[in-house]
Enquirer: 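What follows is a structure written as structure tokens; I'll ask about it next.
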Amino acid sequence: MKEKLILFAVQFIMGAIALGLGIWYIASAIGGDAITYTSMNGFLSAIGVTNGDIASANGCFLCRYIEELFVVIGNAAEMFWTAMVDNLWIVLALGFGLFLFIYTAKYIFDAAKQTAALDEKEKKLEFAGWFDKVWRQGARVLIVGALLGALGMGGTAALRTVTNITVTPVLFVGAELSMAATGVTDATQCGAIDAANASDNVLAPVLQPFMCVMGNINSVMLAGAAGGFSLMNYAWMDLGGGALTWIAGLALVLMFLVIGFDLVFQVLSVIFKLVFIIIFMPLILAAAAFEQTWTVASGVVKNAINLLVRAAIQIVSITLKVVIVYAVVAYAADAYFPGPVDGYSAMLPPMMGRSAENPDAQTLSVMNTFATCEQVALVDGEMDGDKFRDCFTAQKNIVENEYPGAFDFMKNGWDFLLMMMFIFALYFWILKPRVDAVFGLDKIGKGETFDFGTWAKNVGKTIWGIPKQLAGSITKAFSKD
């Protein structure tokens with residue numbers, strides 16, 4: 001019993017620390033107190049978007065390390081390319097020579113075997129069939145050799161060009177589609193192409209669009225978390241709702257925290273698959289020269305193309321998950337805060353192009369209260385909670401004198417808490433598996449060769465679980481004594 005209690009205490013403490021760190025990190029990614037954001041521009045400024053570039057949004061806890069990793073990988077890729085491209089012609093020549101020797105010997109042996117029963121005068125060795133396959137293989141080797149020669153002459157510029165042609169469109173289109181779906185294109189854009197051209201890193205054409213994808217995902221996750229923090233702050237400042245509203249806000253923050261980190265690891269798997277394709281492009285081309293000859297080279301090009309297509313599909317599926325989960329939360333928030341469903345919510349930033357639809361006089365008064373107090377409380381771009389509370393209390397009394405009960409929606413914490421629990425279960429048990437199944441991604445992570453995201457997640461879990469394993473070992477040792 002003591003052993004179980006100790007393990008439970010350790011697990012509880014580790015879980016509390018993990019949640020505390022996650023909540024602190026998300027809160028720090030949103031400038032000032034997350035009380036309300038009535039405009040998209042205000043929200044994007046709060047999460048660190050500068051000069052309208054979505055790639056600069058806060059919230060990606062691994063992005064800084066990924067940028068540094070890309071610099072290292074980019075330098076290694078450049079040296080690897082130079083070594084491979086300059087010397088692969090030797091491999092091609094040796095491969096063709098080996099093919100010619102083996103194929104010729106086999107051809108002569110098969111011809112001798114077929115003509116063994118014939119007279120000496122009737123025995124003939126036809127070279128037409130032999131030459132037909134040899135010249136075709138030789139042509140493939142020459143074409144691939146010419147391509148590798150062009151890549152070798154182009155050097156780093158060729159590497160960047162290949163990256164721009166093969167991988168950049170996948171991420172850039174994925175970023176633009178996801179931004180359009182979430183509605184951030186009204187206030188920001190993806191400056192991936194310009195940033196990639198200005199960078200010396202050979203993998204910049206991959207890194208910059210990737211940062212746009214991450215920036216868009218982070219903006220949606222932080223928008224959902226901002227709604228949760230707003231509920232918590234409403235309750236904490238005694239503006240309405242009490243403990244149930246505070247708990248509902250915490251549940252919303254935790255939901256987007258868990259879903260956000262889950263999506264980050266999924267995106268990591270995509271990005272490292274694309275990097276693999278870029279680095280090993282010369283070997284893939286060399287394999288293309290012998291894919292119809294050697295079994296080991298068979299399907300290499302096809303698998304590389306499938307990997308590229310699958311990466312694009314994964315980006316689309318991740319975007320779809322983000323859009324759906326935020327849309328469901330936004331609909332619930334629209335129905336409860338302040339309700340009814342009219343395109344306006346007093347807790348979530350107006351993402352996905354949402355705006356009030358024919359609001360009545362009471363709703364307009366509520367909207368003006370939040371908008372006015374947001375401007376009053378903003379000091380140097382950060383929200384002052386005390387100023388917001390004083391303004392809100394005064395404005396609320398004025399509005400409720402004319403429209404009694406106009407702010408009663410802030411007491412709907414229990415209903416919204418139940419809704420958040422349902423949405424969380426809906427995402428992990430229904431939405432995520434169904435979306436993955438639709439795109440054929442339900443087997444990702446089960447024998448997938450380059451599922452880097454799942455690998456990184458498992459490593460993190462292992463490291464985080466060391467204190468629990470240590471506590472278990474200590475309690476077992478004491479119990480034996």
Side-chain angles (χ1 to χ4, degrees), residues 22-23 25-50 52-61 63 175 178-190 212-234 248-264 267 318-337 343-356 370-371 374 381-383 416 419-420 423-424 427:
I23 293 173
Y25 187 87
I26 290 183
S28 64
I30 305 175
D33 294 323
I35 297 176
T36 180
Y37 298 102
T38 58
S39 69
M40 178 66 74
N41 287 327
F43 170 69
L44 291 176
S45 297
I47 63 173
V49 173
T50 57
D53 186 3
I54 193 65
S56 59
N58 297 329
C60 180
F61 74 107
C63 287
S178 62
M179 289 170 62
T182 54
V184 300
T185 49
D186 296 335
T188 187
Q189 70 281 333
C190 176
C212 290
V213 173
M214 294 305 302
N216 183 71
I217 292 176
N218 293 333
S219 67
V220 179
M221 295 301 107
L222 291 176
F229 284 126
S230 68
L231 291 179
M232 295 172 70
N233 284 317
Y234 293 156
L250 178 62
L252 184 58
V253 172
L254 294 179
M255 184 180 75
F256 277 100
L257 171 67
V258 174
I259 293 176
F261 283 140
D262 181 62
L263 292 176
V264 165
V267 176
I318 291 170
T319 300
L320 186 59
K321 293 172 189 174
V322 172
V323 172
I324 292 177
V325 72
Y326 191 85
V328 174
V329 173
Y331 181 85
D334 192 4
Y336 284 100
F337 301 94
Y344 171 73
S345 168
M347 55 171 286
L348 289 175
M351 299 192 76
M352 299 176 64
R354 297 179 66 85
S355 60
F370 281 100
E374 178 184 11
E382 294 191 359
M383 189 74 71
F416 198 70
M419 182 69 73
M420 290 306 98
I423 293 174
F424 188 84
Y427 175 80

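Just so we're clear, the structure is a prediction, and the values are computed from it rather than from any experiment. Quick note: numbers below take in every heavy atom, side chains included, and nothing from hydrogens, waters or symmetry partners.
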Enquirer: If you count heavy atoms of other groups shown closer than 6.0 angstrom to OH of Tyr331, is the number above 12?
Expert: no

Enquirer: Quick check: do Ile26 and Phe229 have side-chain heavy atoms less than 4.5 Å from each other?
Expert: yes

Enquirer: Would you indicate whether the side-chain heavy atoms of Val325 and Val220 approach each other to under 4.5 Å?
Expert: no

Enquirer: Looking only at non-hydrogen atoms, find the nearest pair between Pro349 and Phe43 and report the distance.
Expert: CG-CD1, 3.6 Å

Enquirer: Minimum heavy-atom separation for Asn58 and Asn218, please, with both atom names.
Expert: O-CB, 3.3 Å

Enquirer: Within a strict 4.5 Å, meaning less than it, do heavy atoms of the Leu231 and Leu250 side chains meet?
Expert: no

Enquirer: Please tell me if the side chains of Tyr37 and Ile47 come closer than 4.5 Å, counting only heavy atoms from C-beta onward.
Expert: no

Enquirer: Can you see which heavy atom on Pro350 is nearest to which on Thr38, and at what distance?
Expert: CG-O, 3.8 Å

Enquirer: For the pair Asp334 (side chain) and Ser345 (backbone), establish whether a donor and an acceptor sit closer than 3.5 Å, ignoring hydrogens and angles.
Expert: no

Enquirer: If I take atom CG from residue Leu222 and atom CD1 from residue Ile217, how far apart are they, to the nearest 0.5 angstrom?
Expert: 11.5 Å

Enquirer: For Ala333 and Met347, work out which heavy atoms get closest and say how close.
Expert: CB-SD, 3.7 Å

Enquirer: Could you state the interatomic distance from CE (Met214) to OG (Ser219), rounded to the nearest 0.5 Å?
Expert: 10.5 Å

Enquirer: Looking at every non-hydrogen atom in both residues, tell me the closest pair between Met179 and Thr188 and how far apart they are.
Expert: CE-O, 4.0 Å

Enquirer: Can you confirm whether more than 12 heavy atoms, excluding those of Met419, are under 6.0 Å from its CE atom?
Expert: no

Enquirer: Any side-chain heavy atom of Phe337 sitting closer than 4.5 Å to one from Tyr234?
Expert: no

Enquirer: For the pair Leu254 and Phe424, evaluate side chain to side chain contact (heavy atoms under 4.5 Å, CB included) and give the outcome as yes or no after the intermediate values.
Expert: CA-CA 10 Å; Leu254 294 179; Phe424 188 84; over 6 Å; no

Enquirer: May I ask you to test the Tyr326-Leu348 pair for a side-chain heavy-atom distance under 4.5 Å?
Expert: yes

Enquirer: Distance from Asn216 atom CG to Met351 atom CE, nearest 0.5 Å?
Expert: 6.5 Å

Enquirer: Which heavy atom of Ile54 sits nearest a heavy atom of Leu44, and at what distance?
Expert: CD1-CD2, 4.3 Å

